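Here is the structure we will look at, set down as structure tokens.
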Number of protein chains: 2
Amino acid sequence: MTKEQPPPRPSEQPKLRDVAKAAGVHAATASRALNPDTRGLVNAETARRVLKVAKALGYRPNPIARSLKTARTRTVGLVIPDLTNPLFPPIVRGIEEVLEAAGYSAWLTNTDDDPRREQTLIDSLRSRQVEGLIVATARLRHPLLESLHRQGVRMVLINRRTQEPDIPSVTADDAVGTALAVKHLAGLGHRRIAHLAGPRHTSTGVIRASAFRHAIRDHGLADDPELTVECAQWTEEEGARAMSGLLERGVECTAVVAGNDLIALGCYDAFSRHGLSCPDDVSVVGFNDMPFLDKLRPPLTTVALPHHDIGVEAARMLLECIEEPERHPRSVLLPVSLAVRGSTASLRGSTGAGATAGKARRPRR
Amino acid sequence: MTKEQPPPRPSEQPKLRDVAKAAGVHAATASRALNPDTRGLVNAETARRVLKVAKALGYRPNPIARSLKTARTRTVGLVIPDLTNPLFPPIVRGIEEVLEAAGYSAWLTNTDDDPRREQTLIDSLRSRQVEGLIVATARLRHPLLESLHRQGVRMVLINRRTQEPDIPSVTADDAVGTALAVKHLAGLGHRRIAHLAGPRHTSTGVIRASAFRHAIRDHGLADDPELTVECAQWTEEEGARAMSGLLERGVECTAVVAGNDLIALGCYDAFSRHGLSCPDDVSVVGFNDMPFLDKLRPPLTTVALPHHDIGVEAARMLLECIEEPERHPRSVLLPVSLAVRGSTASLRGSTGAGATAGKARRPRR
DNA sequence: CGCCCTACCGCAATCGATTGCAATACCAGA
DNA sequence: TCTGGTATTGCAATCGATTGCGGTAGGGCG
């Protein structure tokens with residue numbers, strides 16, 4: 001009966017033809033007048049008139065129509081593991097800041113570190129005709145990304161990289177950050193420092209782990225393979241699991257360099273389960289400097305990354321790849337610093353007395 | 001010279017015509033075969049053939065072209081104050097989960113609580129032809145949103161509302177949450193409880209404040225106007241400012257209900273500046289249950305919101321508004337609960353002895 | 001005065017899909 | 001055998017903008 005279905009919006013928005021008509025010119029002329037790049041092709045007076053009419057009518061070009069014709073969407077895809085990881089929001093904001101200024105916008109997707117989801121999401125992004133990708137889910141071996149790269153999909157990796165060095169990336173200086181952490185702990189007198197490494201299949205995991213070994217040796221500290229444990233994921237749970245394992249195996253250590261802040265938080269959990277106190281019994285250094293770390297119990301000492309800048313830099317780089325494809329891709333390493341807080345303390349007492357399960361020195365109240 | 005500029009992608013993607021040709025039918029038939037709703041119009045055998053060819057060629061319909069013709073983008077806009085506020089990521093994920101399942105996707109924008117930016121961003125979203133808006137930046141008086149609503153722009157408000165009750169919204173049950181907080185503190189023996197209210201121009205601010213007064217009276221507690229202070233913004237800084245003001249004016253209180261978690265964090269700052277200890281000297285309850293609150297010093301007792309569900313519910317509601325515009329808009333109030341942690345303690349000692357500046361009972365070490 | 005060139009503008013095709021309408025074929029019933 | 005219907009499919013217009021190409025007018029120059 002009354003099954004009339006008017007096209008969702010009767011298009012109250014004025015279109016180019018309306019502007020053209022009102023200005024007494026052809027749509028083509030109006031189009032050229034509106035576009036700064038082609039404005040030179042039309043009489044200055046005419047252009048002025050078109051502009052005025054357009055503003056008066058409140059004309060807004062329809063990006064859909066434009067995209068269809070120009071095959072450009074001014075749109076990029078953002079692929080991150082999980083937005084609720086506090087590391088990402090500041091990065092995302094940095095990215096959007098740059099994109100917005102350049103007239104681009106971004107689709108945001110969360111893979112939850114599931115390769116199948118990643119595949120699906122990237123497919124979907126591509127079918128939405130994104131012009132580029134910013135990807136934070138790289139694994140060292142990453143056939144999907146490598147194949148996309150070979151297909152000429154513009155992308156820049158953030159945070160993590162693949163083995164393939166040709167793919168542009170923006171990462172923090174993991175090696176320097178790790179060295180900073182070790183140096184700090186060594187300076188506090190720690191000799192047996194453990195490392196709860198991130199997963200071996202991520203660049204950050206292996207780079208930080210190898211930087212850790214180097215730093216340990218440089219400072220002449222205990223270079224015991226038992227002191228390094230790999231976490232299967234960058235999560236609090238894995239951190240707790242790894243730390244507990246260390247404690248339960250009776251591995252002695254007075255400090256730990258966590259692969260990232262979440263893993264460090266896991267250490268906190270493990271400590272409280274084992275009746276240890278941080279930093280009195282064990283010092284901990286995190287990595288990333290997520291928000292609110294200064295309010296933790298205790299405030300976490302960590303390697304601070306320029307989150308916002310990572311986003312800014314990545315977005316700039318991607319725009320460059322898009323707008324001047326000839327340029328050689330490059331990768332940048334952003335500087336880090338150490339945020340010293342309350343989770344690290346100088347080693348008191350004599351020596352070697354480290355934390356081991358069962359002989360906690362400060363039982364929990 | 002070599003200034004050849006091939007259209008960005010020579011469109012290696014097969015298009016509908018390619019599929020049609022390969023299947024030996026007209027594009028129109030292929031289109032109908034591919035669309036489940038119109039598949040009935042074509043011979044079953046033909047449809048099968050088209051589907052097979054499409055899959056073989058890896059055909060993906062071009063959503064741009066489709067949108068141009070159908071005037072539907074299957075896209076919505078998300079307007080939030082600031083993604084780095086940990087309250088939002090879980091909500092956003094809830095939203096995207098529902099949208100994704102329904103074949104929609106979302107543009108995310110941050111207003112930084114700046115009305116001009118908000119205006120610009122919403123304009124931009126509209127020109128990108130979003131089919132609806134999810135807005136988390138509502139103020140009680142909000143001409144922009146009200147006008148959009150009158151213009152028939154589908155939207156649902158989250159977290160906060162406007163005065164205009166017709167606009168659908170999804171919010172937590174602020175009144176109950178506040179009552180829970182007060183009841184908890186009263187149960188611990190507190191008599192003089194302060195409230196650091198959120199801004200008066202937000203619904204959450206006024207609802208929580210008024211619920212606070214009600215609860216205070218219901219429990220027969222000190223109903224002193226001095227005990228309520230308004231924060232100009234929902235930020236840590238404002239919380240610190242408000243709490244410090246209270247302390248410096250010598251207003252006695254042994255507990256405070258903060259307008260939200262960030263304001264509660266500000267209290268922590270103020271306490272440490274004034275040499276007070278939480279919860280020994282003053283108890284604090286937050287609101288929102290942001291992530292990681294359990295790791296704070298002390299772990300913050302707070303009113304827990306169903307973040308994810310807020311997103312889910314809002315997205316569902318928006319889709320409903322879009323797909324069946326006839327339905328009457330509704331608003332939902334989601335249940336909250338109290339997460340009791342370490343920032344609240346029972347009132348020890350005798351009576352009335354509250355926290356005031358200058359006579360801190362536990363000077364900071 | 002005629003020709004060429006430039007500046008400006010309009011025509012019409014195009015991007016890739018959707019969809020109203022028309023055409024065809026085939027079948028049943030009269 | 002003719003008519004009406006139904007099931008399929010094709011034709012062509014359309015969404016709103018962009019752009020190659022052609023046309024016109026007017027100025028400069030010979």
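Values below: all heavy atoms of this structure, side chains included; hydrogens, waters and symmetry mates excluded. The sequence lines fix the lettering, A, B, ..., with proteins before strands; numbering per chain opens at 1. Remember, predicted model here, so these are calculated numbers, not experimental data.
Across B/Arg74 and B/Ala102, no two heavy atoms sit closer than the pair NH1-O, 3.0 Å.
What separates CD of A/Glu45 from P of C/dA7 is a distance of 18 Å, to the nearest Å. In this entry the distance linking CZ of B/Arg32 with P of D/dA7 reads 15 Å, nearest Å. Put simply, CG on B/Asp37 is 13 Å from C1' on C/dT19, counting in whole angstrom units. Rounded to an integer number of Å, the gap from A/Arg66 CZ to C/dG16 C1' is 18 Å. Atoms CD1 (B/Ile64) and C1' (D/dT18) sit 15 Å apart, rounded to a whole Å. Between B/Arg39 atom CZ and C/dT19 atom C1' the separation is 17 Å, expressed in whole Å. Between the CG atom of A/Leu34 and the P atom of D/dA17 there is a distance of 9 Å, rounded to whole Å. Atom CG in A/Leu41 sits roughly 10 Å away from atom P in D/dG20 (whole-Å rounding).
For the pair A/Asp114 (side chain) and A/Arg116 (backbone), a donor-acceptor distance under 3.5 Å is present. Formation of a donor-acceptor pair under 3.5 Å by the B/Thr75 side chain with backbone atoms of B/Thr73 is found in this model. Using a distance-only test at 3.5 Å, with no hydrogens or angles considered, no donor-acceptor pair links the side chain of A/Arg161 to the main chain of A/Ala138.
A salt bridge does not link B/Arg93 with B/Glu100: none of the charged nitrogens is closer than 4.0 Å to a carboxylate oxygen. Taking a cutoff of 4.0 Å between a charged side-chain nitrogen and a carboxylate oxygen, A/Glu131 and A/Arg154 do not qualify as a salt bridge. Salt bridge annotation for B/Glu320-B/Arg330: present, with a cationic side-chain nitrogen under 4.0 angstrom from a carboxylate oxygen.
Between A/Ser31 and the phosphate of D/dA17, there is no side-chain N or O to OP1/OP2 separation shorter than 4.0 Å. The shortest distance between the side-chain N/O atoms of B/Tyr59 and the OP1/OP2 oxygens of C/dA17 is below 4.0 Å. The phosphate of D/dT18 has neither OP1 nor OP2 within less than 4.0 Å of any side-chain N or O from A/Thr38.
Taking every side-chain heavy atom of B/Thr70 into account, C/dT18 is the closest of D/dG16, D/dT18, C/dT18. Of all nucleotides listed (C/dT19, C/dC9, C/dG16), C/dC9 comes nearest to the side chain of A/Thr46. Between C/dA17, D/dA17, D/dT9, one nucleotide has an atom nearer to the side chain of B/Asn62 than all others, and that is C/dA17. You'll find that the side chain of B/Leu68 is closest to D/dG16, out of C/dC9, D/dG16, D/dC11.
Residue-to-nucleotide proximity on DNA chain D shows that, of B/Ala65 and B/Ala44, the 5′-proximal contact is made by B/Ala44.
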Name the pairs: protein N/O against N/O of nucleotides 12-14 of chain C, kept only if under 3.5 Å.
unit_1: C/dT14; atom_1: O2; unit_2: A/Lys69; atom_2: NZ; d: 3.0

